[in-house]
Asker: 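I am attaching a structure below and will ask some questions about it afterwards.
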Amino acid sequence: MKKNSAARIATIGIMSALATGLMFLEFPIFPSVNFLKFDPSDILPLLAGFIFGPIDGILVLLIKDILFYLLKSGDIVGISMNFVAGASFLLPVIYIYRVRENRVFEIIGYVVGILVVSGVMTVLNMIVVPFYAPNIPLREIVKYLPYIAGFNAIKFSIVAVVTGLIRKRIERIFE
Ligand code: RBF
């Protein structure tokens with residue numbers, strides 16, 4: 001599909017709207033860390049990244065997060081964390097895939113993306129949670145570490161597996 005074509009812009013709009021809808025399905029994976037919520041919406045920015053490139057993937061992620069912030073969450077910290085997580089997974093996946101556009105590089109991208117997002121978000125949560133929940137003692141926050149790493153690994157493994165399974169079928173629509 002041509003860059004800047006009307007169809008591309010329309011597709012980005014539809015993908016962002018669909019992603020916003022999917023984000024409403026959010027639920028916590030670990031009841032003890034209930035501010036970490038799983039939802040499958042990151043599949044759509046990732047598909048946009050594969051089809052149109054990393055900038056458009058980030059654009060779908062950003063529009064989705066702004067819409068979800070306005071329509072439901074109203075929590076600037078939570079939505080920002082969601083955005084940083086989505087971006088730190090999406091960018092390694094797409095840039096590695098672009099080195100060699102085949103299944104092997106796609107899978108290497110998923111693995112690196114999962115490691116990057118789990119590492120980045122574990123460190124970022126250690127900095128942000130003391131401000132977000134000041135009543136939680138620092139000792140407690142350290143106990144959350146494996147849950148934070150585990151949450152991101154589980155969330156983005158699901159996103160990777162589903163995207164890996166449906167990607168070719170979706171891309172065929174755009175050929
Ligand atoms: N979302 C992630 O995908 N990974 C995270 O590590 C993560 N950390 C968060 C930390 C805090 C303190 C908050 C409030 C949210 C975090 N989120 C994270 C986003 C959360 O799972 C959810 O998507 C948003 O709060 C929107 O409801």
Side-chain angles (χ1 to χ4, degrees), residues 15-16 19 22-23 25-65 68 75 77-133 136 138-171:
M15 284 181 153
S16 306
L22 282 180
M23 200 166 170
L25 304 176
E26 65 174 12
F27 62 90
I29 297 181
F30 303 116
S32 54
V33 220
N34 59 7
F35 56 85
L36 298 177
K37 298 187 194 96
F38 172 79
D39 71 77
S41 65
D42 285 270
I43 294 166
L44 284 139
L46 195 57
L47 287 173
F50 277 119
I51 297 166
F52 301 120
I55 311 264
D56 288 357
I58 294 292
L59 198 61
V60 172
L61 178 66
L62 186 67
I63 298 170
K64 173 211 60 146
D65 276 335
F68 190 77
D75 171 13
V77 176
I79 214 69
S80 308
M81 295 296 269
N82 184 283
F83 177 80
V84 176
S88 52
F89 173 68
L90 184 148
L91 292 175
V93 175
I94 301 300
Y95 279 111
I96 290 172
Y97 179 68
R98 291 199 144 194
V99 176
R100 294 257 189 292
E101 297 197 357
N102 61 31
R103 197 68 165 166
V104 174
F105 274 73
E106 180 189 351
I107 293 168
I108 295 171
Y110 291 144
V111 173
V112 173
I114 291 164
L115 293 175
V116 170
V117 66
S118 303
V120 167
M121 293 316 289
T122 305
V123 173
L124 200 58
N125 269 279
M126 286 301 104
I127 300 163
V128 169
V129 175
F131 296 98
Y132 187 77
I136 304 176
L138 220 53
R139 261 179 299 112
E140 284 298 309
I141 294 172
V142 175
K143 283 192 208 151
Y144 287 166
L145 271 171
Y147 290 102
I148 293 163
F151 169 83
N152 285 291
I154 293 168
K155 173 178 170 179
F156 289 97
S157 297
I158 295 171
V159 169
V161 169
V162 176
T163 308
L165 290 174
I166 65 171
R167 192 174 71 79
K168 280 286 163 211
R169 254 164 286 178
I170 307 284
E171 276 182 22

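In what follows, residues are counted from 1 in the order of the sequence shown. Just so you know, these numbers come straight off a predicted model, no measurement behind them.
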Asker: How long is the span from the CG atom in Leu36 to the CZ atom in Phe27, to the nearest 0.5 Å?
Answerer: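 It comes to 12.5 Å.
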Asker: Using the side chain to side chain contact (heavy atoms under 4.5 Å, CB included) rule, take Val123 and Ile127 through it: C-alpha gap first, then chi angles, then the decisive distance, then the call.
Answerer: CA-CA 7 Å; Val123 173; Ile127 300 163; 4.2 Å; yes
Asker: Is the closest side-chain heavy-atom distance between Val112 and Leu115 below 4.5 Å?
Answerer: no
Asker: With a 3.5 Å cut-off and sequence neighbours excluded, list the donor-acceptor pairs that the side chains of residues 42-49 form with protein atoms.
Answerer:
none

Asker: Any salt bridge (charged side-chain N to carboxylate O under 4.0 Å, His left out) pairs touching residues 79-89, not counting sequence neighbours?
Answerer: none
Asker: As an exercise, state the distance from CD1 of Ile51 to CG of Asp56, rounded to the nearest 0.5 Å.
Answerer: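 That separation rounds to 10.0 Å.
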Asker: Is a side-chain donor or acceptor of Arg100 paired with a backbone partner of Ile96 at a separation under 3.5 angstrom?
Answerer: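 Not confirmed, Arg100 side chain does not pair with Ile96 backbone.
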Asker: Would you say Phe38 and Leu25 make side-chain contact, with heavy atoms under 4.5 Å?
Answerer: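 Not in contact.
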Asker: To the nearest 0.5 angstrom, please state how far the CD1 atom of Ile166 sits from the CD atom of Glu171.
Answerer: 10.5 Å
Asker: Just jot down the side chain to side chain contact (heavy atoms under 4.5 Å, CB included) partners of Ser41, sequence neighbours excluded, or say none.
Answerer: Ala19, Leu22, Met23, Asp39, Lys64
Asker: How far does CE of Met81 sit from CG of Asn125, to the nearest 0.5 angstrom?
Answerer: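 Here the rounded value is 3.5 Å.
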Asker: Does Arg167 qualify as a cation-pi partner of Tyr97, given the criterion of NZ or CZ under 6.0 Å from the six-membered ring centre and within 45 degrees of its axis?
Answerer: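 Yes, a cation-pi geometry holds between Arg167 and Tyr97.
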Asker: Got a sec: does the CD1 of Ile55 have more than 12 other heavy atoms crowding it under 6.0 Å?
Answerer: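 It does not: Ile55 CD1 has 12 such atoms or fewer within range.
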Asker: CZ of Phe50 to CD1 of Ile170: how many Å apart, nearest 0.5 Å?
Answerer: 12.5 Å
Asker: Show every donor-acceptor pair shorter than 3.5 Å between a side-chain atom in residues 143-161 and any protein atom, with sequence neighbours excluded, or say none if there are none.
Answerer:
unit_1: Lys143; atom_1: NZ; unit_2: Glu140; atom_2: OE2; d: 2.9
unit_1: Asn152; atom_1: ND2; unit_2: Ile148; atom_2: O; d: 2.9
unit_1: Ser157; atom_1: OG; unit_2: Ala153; atom_2: O; d: 2.5

Asker: Using 0.5 Å steps for rounding, measure from the CG atom of Asp65 to the CG atom of Asn82.
Answerer: 4.5 Å
Asker: Please tabulate, for the side chains in residues 83-95, all donor-acceptor contacts under 3.5 angstrom to protein atoms that are two or more places apart in sequence or on a different chain.
Answerer:
unit_1: Ser88; atom_1: OG; unit_2: Val84; atom_2: O; d: 2.8
unit_1: Ser88; atom_1: OG; unit_2: Ala85; atom_2: O; d: 3.3

Asker: Can you sort out the partners of Arg103 under side chain to side chain donor-acceptor pair (under 3.5 Å), two or more places apart, ordered by chain and number?
Answerer: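 For Arg103 the side chain to side chain donor-acceptor pair (under 3.5 Å) partners, ignoring immediate neighbours, are Glu106.
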Asker: Minimum heavy-atom separation for Phe105 and Asn102, please, with both atom names.
Answerer: N-OD1, 2.9 Å
